[in-house]
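Owing to the predicted nature of the structure, the values given are computational and were not obtained by experimental measurement.
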Amino acid sequence: MMAVNGKRLSESERVWLDRKGDPINIDRAWQKSDQRIALTRREQAMLAAAGMDGPEARWYVLRVENGCDKAVDKALDDANVERWMASRRVIPPKHRGRNGKRPEPFDAPALPGYLFVKVVSCPASWAGLKTLEGVVDVIGGADNPKPVKEQEIVKLQAFIEKDPKAIEVLTNALKAGDKVSIDDGPFRSFEAIVVLLGEGERLKVEASLFGRAVAIDLELAQVTKLD
C-alpha cells in the first residue's frame with residue numbers, strides 16, 4: 001500500500017491508488033459496497049414477493065405513510081409487484097396561478113394511506129414489501145393479513161375510477177335473472193334480482209319491500225352476485 005504525498009496515514013485515512021494513480025478512499029469504497037449489498041438483498045426480497053404468483057396470490061391492503069402513496073406505488077411497479085393505487089381525477093379551480101397559467105388536472109390518491117397488492121402471503125413477501133420506504137404494514141399484520149376478494153377490487157375500480165375494463169368485467173359477470181345483494185345505498189343488505197343491464201355501469205334490479213317488488217336503479221359497483 002502507498003501513502004499519498006509521502007505522509008503516513010492513519011488506518012481510517014488510508015488510501016489505495018487505482019490503475020490511473022488516483023487515490024481511492026477505502027472507507028468510502030466499503031460504504032458503497034455495503035450499499036450495493038443492501039440494495040441487492042432488498043431486490044431479492046422484493047423479487048420473492050413479486051415472483052410468487054399463481055392461484056395462491058391474493059389481494060391485500062398495505063398501509064403507507066402520509067404522502068408516500070405515489071412513491072410506494074412507483075417502487076412496487078419497479079419491483080414488478082402487481083398493485084393498484086385507487087386514484088381520482090382532481091380538477092383545480094379555474095383561477096390562474098401566480099405564473100398566469102391555469103393549473104392542470106391531476107390524479108390524486110382516492111384512498112390516501114392505502115394501496116392494494118396481489119401477492120402470496122408468506123414471510124418472504126411481507127419482509128420484501130416492508131423494505132420499501134414508506135410502507136408501514138399490511139392490514140391485519142403479517143401474521144394474519146386480511147385478504148380482499150378479487151370482485152371487491154374490481155367493484156372499487158369501477159366505482160372510484162369508472163375503469164372501463166372493470167365495468168366490462170362486472171357487466172359480463174351479470175345477466176338478467178341473476179340474484180345479487182345490494183352493498184350500498186338505502187337498500188343495503190337487501191337481496192334483489194337483476195332485471196336489466198343498462199348503459200355503462202348502470203343496472204336495474206327488483207327487490208322485495210314490504211311484500212311488494214320495487215324496481216331500483218343502481219351502479220354495478222353497488223351489487224355483488226350471489227351464488
K.L.:
Going through the distances and angles, do Lys146 and Val61 end up as a side-chain contact (heavy atoms from CB on, under 4.5 Å)?
P.N.:
CA-CA 8 Å; Lys146 305 298 183 185; Val61 186; over 6 Å; no

K.L.:
Is it true that Trp84 and Ile139 fall in one hydrophobic cluster, defined by side-chain heavy atoms closer than 4.5 Å?
P.N.:
yes

K.L.:
Between Asn144 and Gly141, is there a donor-acceptor pair closer than 3.5 Å when you use the side chain of the first and the backbone of the second?
P.N.:
no

K.L.:
Main chain of Gly113, side chain of Asp69: is a donor-acceptor contact present, judged purely on distance under 3.5 Å?
P.N.:
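Here the side-chain-to-backbone pair exists.
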
K.L.:
Kindly give the heavy-atom pair with the smallest separation between Asp184 and Ile182, and that separation in Å.
P.N.:
O-CG2, 3.4 Å

K.L.:
Roughly how far, to the nearest 0.5 Å, is the NZ atom of Lys179 from the CG atom of Leu226?
P.N.:
7.0 Å

K.L.:
Lys175 vs Asp178, test: salt bridge (charged side-chain N to carboxylate O under 4.0 Å, His left out). Steps then yes/no.
P.N.:
CA-CA 6 Å; Lys175 61 182 183 298; Asp178 283 344; 3.4 Å; yes

K.L.:
Name the one of Lys155, Arg188, Gln222 that satisfies side-chain hydrogen bond (donor to acceptor under 3.5 Å, both in side chains) with Asp183?
P.N.:
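That would be Lys155.
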
K.L.:
Using the rule that two of Ile, Leu, Val, Met, Phe, Trp, Tyr join whenever any of their side-chain heavy atoms come within less than 4.5 Å, decide whether Leu197 and Ile216 are in one cluster.
P.N.:
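Same hydrophobic cluster.
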
K.L.:
Take a 6.0 Å sphere around NZ of Lys70 and say whether it holds more than 12 heavy atoms from other residues, nucleotides or ligands.
P.N.:
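Enclosed.
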
K.L.:
How far does CD1 of Ile153 sit from CZ of Phe116, to the nearest 0.5 angstrom?
P.N.:
4.5 Å

K.L.:
In Å and rounded to the nearest 0.5 Å, what is the OH to CZ distance from Tyr114 to Arg63?
P.N.:
6.5 Å

K.L.:
Identify whether Val136 and Leu111 are in the same connected component of the hydrophobic contact network (ILVMFWY, side-chain heavy atoms under 4.5 Å).
P.N.:
no

K.L.:
Please determine whether residues Leu203 and Ile193 belong to a single hydrophobic cluster, defined as Ile, Leu, Val, Met, Phe, Trp and Tyr linked transitively by side-chain heavy-atom distances below 4.5 Å.
P.N.:
no

K.L.:
What residue among Val72, Val135, Leu76 forms side-chain contact (heavy atoms from CB on, under 4.5 Å) with Val117?
P.N.:
Leu76

K.L.:
Would you give the length of the straight line joining atom CG of Asp143 to atom CH2 of Trp126, rounded to the nearest 0.5 angstrom?
P.N.:
11.5 Å

K.L.:
Taking all heavy atoms of Glu206 and all of Ala215, pick out the closest pair and write down the distance.
P.N.:
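Here Glu206 and Ala215 meet closest at CG-CA, 4.3 Å.
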
K.L.:
Search all heavy atoms of Val138 against all heavy atoms of Ala142 and return the closest pair with its distance.
P.N.:
CG1-N, 3.7 Å

K.L.:
Calculate, to the nearest 0.5 Å, the distance between atoms NZ and CD belonging to Lys118 and Glu150 respectively.
P.N.:
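One finds 4.0 Å between NZ of Lys118 and CD of Glu150.
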
K.L.:
Checking the side chain of Thr224 only, and the main-chain atoms of Ser181 only, is there a donor and an acceptor separated by less than 3.5 Å?
P.N.:
no

K.L.:
Quick check for you: to the nearest 0.5 Å, what is the distance between Met85 atom CE and Asp73 atom CG?
P.N.:
5.0 Å

K.L.:
Please test Val148 against Leu156 for side-chain contact (heavy atoms from CB on, under 4.5 Å), starting from the C-alpha separation and ending with a verdict.
P.N.:
CA-CA 11 Å; Val148 180; Leu156 278 172; 5.8 Å; no

K.L.:
Taking all atoms of both residues into account, what is the closest heavy-atom pair of Tyr60 and Ser121, and its distance?
P.N.:
OH-CB, 3.3 Å

K.L.:
Run the side-chain contact (heavy atoms from CB on, under 4.5 Å) test on Trp59 and Glu82 for me, step by step, so that the C-alpha distance in whole Å, both residues' side-chain angles and the decisive distance to 0.1 Å come before the verdict.
P.N.:
CA-CA 9 Å; Trp59 285 99; Glu82 186 172 356; 3.7 Å; yes

K.L.:
List the steps, then state whether side-chain contact (heavy atoms from CB on, under 4.5 Å) holds for Phe190 with Ser208.
P.N.:
CA-CA 8 Å; Phe190 276 66; Ser208 178; over 6 Å; no

K.L.:
Where is the tightest heavy-atom contact between Val180 and Lys225, given as atom of each residue plus distance?
P.N.:
CG1-CA, 4.0 Å

K.L.:
Sort out for me which residue in Leu218, Leu196, Asp217 forms a side-chain contact (heavy atoms from CB on, under 4.5 Å) with Val205.
P.N.:
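Exactly one option meets the side-chain contact (heavy atoms from CB on, under 4.5 Å) with Val205, and it is Leu218.
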
